[in-house]
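Just follow the structure's listing: the first ligand is 1, and inside any ligand the first atom is 1. Numbering starts at 1 and runs along the sequence shown.
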Amino acid sequence: SVYLDNAASTKIRKEVLDYLVECLEKYYANPSSVHSMGRESRVMLEKARATVASLLNVKTQDILFTSGATESNNLAIRGLLSKTDKKEIITSNIEHSSILKLMNRLSDEGYIVHYVKTLPNGQVDVEDLKKYLNTNTALVSVMAVNNETGVRQPIDKISKLLANTGIYFHVDGAQLLGKMEVDPYLLGIDSMTGSAHKFYGPKGVGVLYLRDDIPVEKLIYGGPQERNKRAGTENLDAILASAYALELAYKNMKDERAYIKELNRYLLSKLSDKCIVNGENRIDDILSIQVKGKNIQTLLPMLDMKGIMVSGGSACMSGSLSASPVLIAMGLSEEEANSSIRVSLGLHNTKEEIDYFIDCLEKM
Ligand code: PMP
């Protein structure tokens, strides 16, 4: 099969898989146990934390491990909000459901949530965002890279707007971490999420950068793990493998990014006139492709029958029959949105696979 759904999840790197198995065998003691094996587990956990911190250029204490970007987004946003009396939140209408559903809930709880408009190029409209800033603004939450279009969001511009305002800045970095270097301190980001299964690590591990000087509320009550911010025995083996996956992503970034860029260029060069790519200023991994005259309800199963794995919108939205809200927010018609597939490239893909995909697509 031809797997072109890497934005939904990636195949674990072989080296990471081997290391994961090794860790499962070796470090089964609980990092909270005080005996020597427990202490060894603890040392490994803290090493992994230090590795991630150094890659992000932040303090070790700023890094927490969770179960994924969904939990990290919830923990960070609820945590930051627990530290202020201000009641207004600014976010975009193209966020992942782990942000949008939380926003719905927060609005039920009495917060005022403002949704910034999206420009036709797929970027959050910074001018529109400005209009909502006021003395009651507690937090701004905008993603780094959109998971359906791959469009890079203007995090740097937003960061400049928020400098010295005391407004918390949360960034959902699930589609960024491991693909591009990012410096949260430089950008004035208070919290940022990442997810190991998006960077060729195992599922079920979230990396959360959360400024340590903000003593946030817990989401789940229990033990004092993760600097008393995230209770429950750490998913140690998977965390160690995730830190290794991130280390490899950074170590190989130059070559691997060049490879994805080349696959992207190749795919674009092969697309016929019946295809339009949605959005601008995209990362090379994700392409939202409108296939004129087609509907994803028929296109996706037909591609699947040919062994081609792509998605319509994001995997998290599947099951819903309505058009992708992200594409609608960019100004696409319902018909255009419903004819758009998401193709997401990964390190394991080849040009031959792209040839096969294009060949099948053209025949549909
Ligand atoms: N945010 C974005 C932008 C994502 O793409 C995803 C993954 N679909 C998530 C959050 C959730 O990540 P996880 O699967 O680790 O909960």
Side-chain angles (χ1 to χ4, degrees), residues 3-12 16 52 63-78 91-104 118 122-124 140-155 158 170-180 182 189 191-210 219-220 230 232 235 238-239 241-243 245-246 249 279 282-288 309-320 324-327 329-330 342-346:
Y3 185 78
L4 294 169
D5 199 19
N6 292 279
S9 201
T10 54
K11 178 175 174 176
I12 194 167
V16 175
V52 172
I63 298 297
L64 303 179
F65 294 110
T66 69
S67 67
T70 297
E71 184 190 337
S72 293
N73 281 336
N74 278 268
L75 173 61
I77 289 178
R78 279 220 181 262
T91 190
S92 81
N93 51 9
I94 56 168
E95 297 298 307
H96 183 261
S97 52
S98 56
I99 300 281
L100 291 177
K101 298 282 177 183
L102 172 62
M103 292 300 166
N104 288 346
T118 303
Q123 282 191 318
V124 167
V140 173
S141 177
V142 174
M143 69 201 327
V145 172
N146 182 269
N147 51 305
E148 288 189 39
T149 59
V151 172
R152 294 175 60 181
Q153 300 302 322
I155 296 305
I158 297 170
H170 173 73
V171 174
D172 176 351
Q175 296 291 347
L176 176 87
L177 196 64
K179 297 190 178 103
M180 257 180 283
V182 54
I189 296 171
S191 57
M192 187 180 77
T193 50
S195 181
H197 73 100
K198 310 283 186 188
F199 52 79
Y200 309 93
K203 288 169 187 60
V205 177
V207 169
L208 173 58
Y209 152 76
L210 176 60
L219 217 51
I220 302 168
R230 200 271 182 180
N235 187 5
I239 289 171
S242 299
L246 195 62
R282 304 179 306 264
I283 56 161
D284 292 317
D285 311 64
I286 304 177
L287 296 113
S288 168
M309 318 290 145
V310 296
S311 37
S314 71
C316 310
M317 290 298 295
S318 64
S320 87
S324 153
V326 172
L327 300 179
M330 288 166 63
R342 178 183 72 178
V343 177
S344 46
L345 306 168

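- Lys198 places no side-chain N or O within 3.5 Å of a backbone atom of Gly194 that could act as its donor or acceptor partner.
- Near Ser195, meaning under 4.0 Å from one of its heavy atoms, ligand 1 places the atoms 13 (P), 15 (O).
- Within a 6.0 Å radius of NZ in Lys203, other residues, nucleotides and ligands contribute more than 12 heavy atoms.
- Summarising the geometry, atom CG belonging to Leu287 is positioned 5.5 Å from atom CZ belonging to Arg282; distances are rounded to the nearest 0.5 Å.
- An N or O contact shorter than 3.5 Å links Lys198 to ligand 1 by distance.
- Taken to the nearest 0.5 Å, the CD1 atom of Ile12 stands 12.5 Å off from the OH atom of Tyr200.
- Ionic pairing of Arg342 and Asp5 is present here: one or more N-O contacts between side-chain nitrogen and carboxylate oxygen are shorter than 4.0 angstrom.
- In summary, the atoms of ligand 1 found under 4.0 Å from a heavy atom of Met143, numbered by their order in the structure, are 3 (C).
- In this structure, Ser98 has a heavy atom closer than 4.0 Å to ligand 1.
- Note that the OG atom of Ser141 and the CD atom of Glu95 stand 5.0 Å from one another [nearest 0.5 Å].
- With a 4.0 Å cut-off on non-hydrogen atoms, Lys203 does not touch ligand 1 at all.
- Taking only nitrogen or oxygen atoms, main chain and side chain alike, Ala69 reaches within less than 3.5 Å of ligand 1.
- Residue contacts with ligand 1, taken as heavy atom pairs separated by less than 4.0 Å, involve Asp172 solely via side-chain atoms from C-beta onward.
- Residue-ligand proximity, Gly68 to ligand 1, at heavy-atom distances under 4.0 Å covers atoms 15 (O).
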